[in-house]
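These notes are about the structure you will find just below.
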Amino acid sequence: MLATARADALRYNNSVAIWVEQEPGSGGKESAILTQDLLREFPLWVECVHGDKITRSRPLASMAEVGRVHVVDGTFTRDFLDELCAFPDAKHDDQVDAASGACNHLSTWATLTRGLDDFGYNVGGVSDRDAAAVKESIPTANNTDLVEWLKLYCKG
């Protein structure tokens, strides 16, 4: 994770915001604390997740069914698609969980930023308080669509 965070910081001029899920329970809390310590030099947000992995994957599945999710062609593509097809009965589900978590997080963020212009200024649609919070968390000056975010965050 540290190597990827450093590479992303170099490649994207320190504009990548890191988001991690905190699983319920004490193990999830401990893991989140360790991750925060490891990545302390980078902008990092921890979000507690709710529901099981199957429930959390449903929004990604429904978006994919209507053609709103695109997969980047890369060395990981076949393994990723195999894991998606075998979910939830496969031995491994980390890539599915990461993709669905990114989708859920980014969909929420997109909903909050819908009333903001390219520079994060409120042009209607969200409260001033929410607009200020979102503007502060936007890693770059422009809003990027979900497909572009998935390209950045759903690496194998």
(request) State, yes or no, whether a side-chain contact exists between E83 and D79 at a heavy-atom distance under 4.5 Å. (result) no

(request) Keeping the roles fixed (side chain from T35, backbone from S31), state whether a donor-acceptor pair exists under 3.5 Å. (result) yes

(request) Identify the heavy atoms of P43 and V16 that sit nearest to each other, and give their distance. (result) CG-O, 3.5 Å

(request) Could you list all the salt bridge (Lys or Arg N to Asp or Glu O under 4.0 Å) pairs where at least one residue sits in residues 94-106, not counting sequence neighbours? (result) K53-D97, R56-D97

(message) Test of understanding: with side-chain hydrogen bond (donor to acceptor under 3.5 Å, both in side chains), list the residues that count as partners of E47, not counting sequence neighbours.
(response) W19, H105

(message) Run the side chain to side chain contact (heavy atoms under 4.5 Å, CB included) test against T55 and tell me which residues pass, sequence neighbours left out.
(response) D52, R58

(message) Nearest 0.5 Å, please: how far is CZ in F87 from CG in D89?
(response) 9.0 Å

(request) Apply side chain to side chain contact (heavy atoms under 4.5 Å, CB included) to T77 and list each qualifying residue two or more places apart in sequence or on a separate chain. (result) V71, D73, L81

(message) Suppose we screen for side chain to side chain contact (heavy atoms under 4.5 Å, CB included). Which residues come up paired with V46, at least two apart in sequence or across chains?
(response) V20, Q22, A32, Q36, L44

(message) Hydrophobic clustering (ILVMFWY, side-chain heavy atoms < 4.5 Å, transitive) - are I18 and I33 grouped together?
(response) no

(message) To the nearest 0.5 Å, what is the distance between CG on D82 and CD on Q95?
(response) 9.5 Å

(message) According to side chain to side chain contact (heavy atoms under 4.5 Å, CB included), who are the partners of L38, at least two apart in sequence or on a separate chain?
(response) M1, L2

(message) I'd like to know if the side chain of R6 reaches the main chain of A3, judged simply by a donor and an acceptor atom lying under 3.5 Å from each other, with no hydrogens or angles considered.
(response) no

(message) What's the separation between atom CZ in R11 and atom OG1 in T4, rounded to the nearest 0.5 Å?
(response) 11.5 Å

(request) Write down the atom of L60, the atom of S100, and the distance for their closest heavy-atom approach. (result) CD2-N, 3.6 Å

(message) Quick check on E23: does its CD atom have over 12 non-hydrogen neighbours (other residues, nucleotides or ligands) under 6.0 Å away?
(response) yes

(request) May I ask you to decide if V49's main-chain N or O and E21's side chain share a donor-acceptor pair within less than 3.5 Å? (result) no

(request) Give the minimum heavy-atom separation between A9 and F42, together with the two atoms involved. (result) CB-CE2, 3.8 Å

